[in-house]
Every structure is written in structure tokens, then in C-alpha cells.
Amino acid sequence: MSKGTSLHVQFMKKNIYLKRLCLLLLVVLCTILLFFLQYRYDNKYHFPGIQGEQGILDLRSDRQPLSVLTYGWEIYPQKLIAPGEFNGQKPHFIYLGQYGGFEAGDKNGNPHGCATYRLTILLPPEVNEYALELPEIYSASRIWVNGRPVSILGDVTSVNPSPSIRTGMITFSAAGKAELVVQAADTRHYYSGMVYPPAFGSTDAVSDLISLRFLRTCIMVIASLTIGILYLFIGIKTGGERRRMILFSLVCLFFTMHVMYPLFHLFGAGYWTYYLEDLSFYLFLTAICALHCSLCGIKGRPQRFAVFVCAAAALASLVVPALLLNGSLTAMLLYSVFLDGFKLVLFSWLITTAFFNREQTETMRSLLLAGLCTIAVALLVQAAAPVFEPVRFGWQTENAGFLFILLLAGGLWFDTIRAYAERTALAENMRLMKGQFALQEENYRILSKSIEETRKMRHDLRHHITAIKELTNQKQYDALEDYLEGYENSSEQTEWPVLCDNHAANAVLTYYRQRALQKQIPLSIHVSLPAELKLEAWNLGVLLGNLLENAFEASEKLPQELRSVKIYAKIAKGNLLITVKNHWNGEFTVLEDRIYSTKHEGAGIGLSSVRSMAEANGGQFYLTPDEDEFEVSLVLWKQV
């Protein structure tokens, strides 16, 4: 490689990496902007409207149909207090989500145990129907509204209370005020008590909010499950793409399991759903890692190590919470830091290896980078955001994971279709090449026959010369004239068909001239090509063979008197010009640059192959379907 070529290659590599860097920065900035807008406008902690203070939320002058009960809650840690028994009790004031358990006001910082929450809502004096969202409470719980029990999940008085989860909506009538009292008790989960703020308002507003979340979850579950099953079947049926298709289907299925928890909780599923939610998320990351290695060609020890670390994290998400049942707050925080660190290291490695990868097409690499960056930014934003809980549109990691699946589904589908098209075109070209070999064999047979007949003629020529000499010596000139005339009439001259100086073109034209005679198709040949072209001989043979094959097939559909095929080919100013015209029946379809076959469903191979070959060699391809005559032309620049 020359020094100039080496510098050009280095420049091209830098240019590619610069484009990838710009893509990465663009995706990061767009994702950060999107999540910032969600944090600002779809966050229960920034929900517009009046907020509670010191245990009271005054909604008497608020006409909004929906409020989020985030701020101003009273909490009585390690106490279970029933309505009407709060006299003499000193509360702490918190916002929901400020603590992950019952450690507020506890000197020992114990996240387990029990607590009572209370919020008094001041309402208009007239009686109205209200609704209270029942959020996830990682505990056994009892809820009262104005002293009336409206929800009992589990036994809060048990020595070892187990979480009992059911989400939904509670409706009640109230006028003047609504006192909400929530008792919660838990000794098992690493989150305990009320963590998520509930929505409160008119029945229609709360119902619409819950329905929107349910619809969003269903869309994610159904779409990712369908994509996963579809690619699983594709993976089972395909050959070379089987591994990555199956891995991608696992990515989709694990993601489906992870985002299904709202549906489980809506129908009152048990505590096992938390284990499933955590485990499926880290299995989702493991499947992403394995798929990434397959896409980027990472093999051997690096692949095994990366997948092993991800699988170990998945196992830890299942085992460690069970070991921390009675653990301290410090141990839980350390566990959380470990998981955040693992995700940071994992996605740093994934993005770096995808950035410098050379195995994939630029389109697939761009989609992979975009998807990985979206998930990485979502994890960082979710960890860095001070307080966030979505009102309508879900958690950032769920949205990013779903976008990742859609991006890769599109990329893998495009790659599959492209690979199928390439294999089909290759099979068609192989068929044509076999035809070219058959033509060469036929021409060789004719040439061999001609050589053999020439050898016989030379052998017989000695006898003719002897006879001529004898007649001349005897001065029998009349007999000599008769002999020469008879020799001229009886000599067989084998013609070697030379239609063009270019051997590849001549072989194809000779074959189709013979076929034209057999099919009774008038064939007009106007071809003048030099023996040497820059275009490889087999490429030229495939081009001419495809064009004439399509022209003959179109002619065979017509009555004999209407059939006609004409081929023109020449060199003009160093450029190769080829045109084929034929009469046709008008059946032809072109849609979005795809040429559709009249012989079978889907895109045609012959003309598509010609166009691809012309474009690959820097040429141009033209179709002119007139009323009576179909014309195909192509130009290949600088061929001599």
C-alpha cells in the first residue's frame, strides 16, 4: 500500500469515527432533553397545583380535576395508629418518596417495621364523588377515609407481616374534608411503606389516568412479546442469523417480563412479582450483552466474561434481597451503589465496543449505538434525578428499553431482508453463470468440430493437389476444370459464429441467436464491442444474459407475429452503452424503486440484478416502458 493510499484510509477511518461521535452526541443530547421534559412535566413531584403542608392539603379553591398527594404527609414511625387516636402523638412531616422505608425519625434508621401516614384534605362544602389512586405499597396496609376502612391488604398486626400488593382505585363521597390514614407494616422488602404518591381527584380524572397507564403497559407488553415471538420463529427457521435472532427474541421476552409488573399488581399478584421484576431486568441486560457480542463479533474470553458478569448480577438481584431481609439501611444503600456501578461499567463497555466495531453495516451500528446510549442515559438520569415518579408515561429505563427493542427490531429486519435479497441475487447470478459456462461449452464444441473438419480438409487437400498435378501434367484441362468445379461445390466450410469481438458477449449472443431460431423470435443484433473492457467478462455476460432473458420471456407471451427483440451495444467516448428493446403485453410494476416480477410474487430478480450491477460499477440504469415497446438501457462509464 502506498503512502498516499494509507493516508487516505486513515482519513476515511477518522471521518467514520467522527460521524459516529456526532451521532452519539446527538442521541445523548436528544435523550437528555426528552427525559428532562419528562422530569419537568410528567413528574409527580413537579405536578402543578396546590401542595400539602404540615399534614393539610387545602383544595377548597382548587378547580383542577386531578391532584397528586406528594407533600405534607404526617408520618408516625414504628406506630400503628387508628383514626381518632392521634391526640398526643407527635408526627414527622415528609413527602412520599423521601425515604425508602420507615426510617424517618427512627434513631436506628431501621427501614423495616411499621408506620402510620396521615393527610387531611380540605374540600368544597358540597358533597362530591372522589377517587383515590391505590399505589404500590411495599407492605401490608390498611387505608381509612374519614374513619371508614376502604382497603385492607395483608395483616399489619402480624409479627412478621408480608407485603400484599394490589393497585387500583378507591371511590368515596365527601364534603368539607377527607382524612386519609394509611397503616403499613413490612419486615421483608428493601422498600417499605408508602413510597409512591397517589393521585386524587374526580372519579373520571383518576380513572382516565389509570387507564392511560394500563394502555401504555399493554402496548409495551404486547408489542415486545409479539416482536420476541416473531424473531424467535425467524431464528428457528433461518440459518446463519439464527443465533442473533434468538438472542434478540430473549431480549424482547425478558423486557416483556420486566414491564408486566403493573398488570400483576393490578390483579393482586403476590410478593414474587418483585423478584420477577428485578431478575427479568438483569436478564434483559444479560441478553443485551450477549446480543451485542454477537452483533459486534466479540468472541472467546471477552464474550464469556461479559456475559458471566451480567448473569452474576442477575443472580445477585435474586439472592441478595433475600439475604438482606433484616439488613441495615447501610447494607441496602451499598447494594444499590453496587448495582448502579455495575450498570455504569456495563454500558460504558457496550457503547465503547459498539463505537469502534467494524463487523456491522453502518446502519445497524448506528441503531445499536443509539439504542445503547438511550438506555445508558436513562439509567444515569434515573439514578441522578433527585426525586422522580412518572405521572402518565412510565419510567425512563422502560421507555428506553422499548425504544431499544424497536430500533434493533427494525435494524435486524432490514439486515435480514438485505441478506435474503443478496442471497437471492447471488443464486440468480449463479444460475446465469452456469448458463454462461454452458454457452462456453457449446462454443468450445463448435470450435472443436471446426478444427477437426479443418484437419480432415488438410488431409484430403494432399490428394486433391496430387490429382490436380496429374491432370496438369497430362494437359487434360477440361477434366481439370470439371474437377476444380466439383471440389468447390462439395467442400464443406464450417462457420465459426463471430457476432462480436468480445468473447463473453459473443458467447451470449450466439446462444440467444440459436434460441431465437428455436422460439421463432425475430432477433436483431447490433453489437460492436472490443475484445477488452474494464468490466469483467462474467459481469458483462450476466448483464447481457439478464437483459435478453427478460426480453425473450416477455416476447414468448405474445403471438408469434408480434414478437421482436433488438439489442444494441457499443462504446461511445469510452463509455459502454447497452440497450435492449422488445415488444410486450404491458404488465409491469415499479414501486418505490423496486421492480416487481410478472412471474412470481414480490420483487423481480433479473432487472433488479442488472440495476444493482450497473450502480455497483458506477453506471446508470433506465427503464422506458412505452405502449408497444419495452426498453431497458444502461450506461457504464469509462470502460476502455
Side-chain angles (χ1 to χ4, degrees), residues 220-221 224-225 227-229 231-232 235 241-261 272-323 335-354 357 359-360 364 367-380 382-383 395-409 411-412:
M220 279 192 175
V221 168
S224 56
L225 182 61
I227 292 172
I229 294 174
Y231 276 85
L232 181 62
E241 303 294 322
R242 178 175 300 164
R243 176 179 173 81
R244 62 186 54 176
M245 292 298 177
I246 293 177
L247 286 174
F248 179 64
S249 70
L250 290 177
V251 170
C252 298
L253 295 176
F254 287 139
F255 177 80
T256 302
M257 293 166 59
H258 173 64
V259 297
M260 282 183 69
Y261 67 90
W272 58 270
T273 58
Y274 291 125
Y275 288 117
L276 178 65
E277 179 187 351
D278 291 344
L279 177 62
S280 58
F281 177 73
Y282 289 99
L283 288 176
F284 168 65
L285 297 184
T286 304
I288 287 179
C289 181
L291 176 63
H292 174 83
C293 292
S294 177
L295 290 172
C296 296
I298 301 172
K299 301 177 182 178
R301 290 184 178 179
Q303 176 198 23
R304 290 193 295 270
F305 179 76
V307 175
F308 171 78
V309 171
C310 292
L315 181 62
S317 70
L318 186 64
V319 174
V320 172
L323 298 178
Y335 173 62
S336 179
V337 170
F338 162 75
L339 293 181
D340 289 340
F342 158 72
K343 289 179 280 193
L344 175 63
V345 172
L346 173 64
F347 277 90
S348 298
W349 179 77
L350 291 175
I351 292 171
T352 302
T353 51
N357 176 252
E359 294 289 326
Q360 287 299 311
M364 189 64 199
L367 293 174
L368 181 62
L369 264 176
L372 291 173
C373 287
T374 303
I375 296 179
V377 172
L379 291 170
L380 289 174
Q382 194 161 304
W395 297 94
Q396 295 98 332
T397 50
E398 296 175 357
N399 296 330
F402 188 56
L403 178 61
F404 176 82
I405 287 175
L406 294 180
L407 288 174
L408 255 67
L412 288 173

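The residues of the chain are indexed from 1 along the displayed sequence.
- With sequence neighbours excluded, no residue forms a ring pair (Phe, Tyr, Trp, His ring centres under 6.0 Å) with Phe402.
- The distance from atom CZ of Phe255 to atom CE of Met260, rounded to the nearest 0.5 Å, is 12.0 Å.
- When side chains are defined from C-beta on, Ile246 counts as touching Ser249, because their heavy atoms get closer than 4.5 Å.
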Q: Go through the steps for Leu372 and Ile288 under the test side-chain contact (heavy atoms from CB on, under 4.5 Å), then give the verdict.
A: CA-CA 9 Å; Leu372 291 173; Ile288 287 179; 4.1 Å; yes
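- Residues Ile227 and Ile405 meet the side-chain proximity criterion, which asks for heavy atoms closer than 4.5 Å.
- In this structure, SG in Cys252 is found 8.5 Å from CG in Leu408, a value given to the nearest 0.5 Å.
- Here NE2 of His292 is found 9.0 Å from CG of Leu346. Values are rounded to the nearest 0.5 Å.
- Among pairs with a residue in residues 280-300, none fulfils salt bridge (Lys or Arg N to Asp or Glu O under 4.0 Å), at least two apart in sequence or across chains.
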Q: List the steps, then state whether side-chain contact (heavy atoms from CB on, under 4.5 Å) holds for Met220 with Asn399.
A: CA-CA 9 Å; Met220 279 192 175; Asn399 296 330; 3.3 Å; yes
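- In terms of the side chain to side chain contact (heavy atoms under 4.5 Å, CB included) criterion, residue partners of Ala400 (sequence neighbours excluded) are, by chain and number, Phe35, Thr374, Ile375, Ala378.
- Every side chain to side chain donor-acceptor pair (under 3.5 Å) that Thr273 has, sequence neighbours left out, goes to His265.
- Under the rule for a side chain to side chain donor-acceptor pair (under 3.5 Å), Tyr274 has no partner lying at least two apart in sequence or in another chain.
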Pairs of donor and acceptor atoms involving the side chains of residues 300-320, under 3.5 Å and at least two apart or interchain, shall be tabulated with distances.
| residue | atom | partner | partner atom | Å |
| --- | --- | --- | --- | --- |
| Ser317 | OG | Ala314 | O | 2.6 |

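- A search for ring pair (Phe, Tyr, Trp, His ring centres under 6.0 Å) contacts involving Tyr231 returns Phe248, not counting sequence neighbours.
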Q: Let me see the working for Phe347 and Leu285 under side-chain contact (heavy atoms from CB on, under 4.5 Å), right down to the final yes or no.
A: CA-CA 10 Å; Phe347 277 90; Leu285 297 184; 3.9 Å; yes
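- Residues satisfying the salt bridge (charged side-chain N to carboxylate O under 4.0 Å, His left out) test with Glu277, not counting sequence neighbours, are none.
- Looking at every heavy atom in both residues, Glu398 comes nearest to Tyr261 through OE2-OH, 2.8 Å.
- In this structure, the side chain to side chain donor-acceptor pair (under 3.5 Å) partners of Thr256, at least two apart in sequence or on a different chain, are Ser224.
- Looking only at distances, no side-chain donor or acceptor of Ser294 sits under 3.5 Å from a matching main-chain atom of Leu291.
- Scored by the ring pair (Phe, Tyr, Trp, His ring centres under 6.0 Å) test, Phe404 finds no partners at all (sequence neighbours excluded).
- In this structure Phe281 satisfies the ring pair (Phe, Tyr, Trp, His ring centres under 6.0 Å) test together with His258, sequence neighbours excluded.
- Residues Leu276 and Met257 share a closest heavy-atom pair of CD1-CE, 3.4 Å.
- Distance check, rounded to the nearest 0.5 Å: CG of Leu283 to CG of Leu253 gives 11.5 Å.
- Put simply, the side chain of Leu344 reaches to within 4.5 Å of the side chain of Leu380, judged on heavy atoms.
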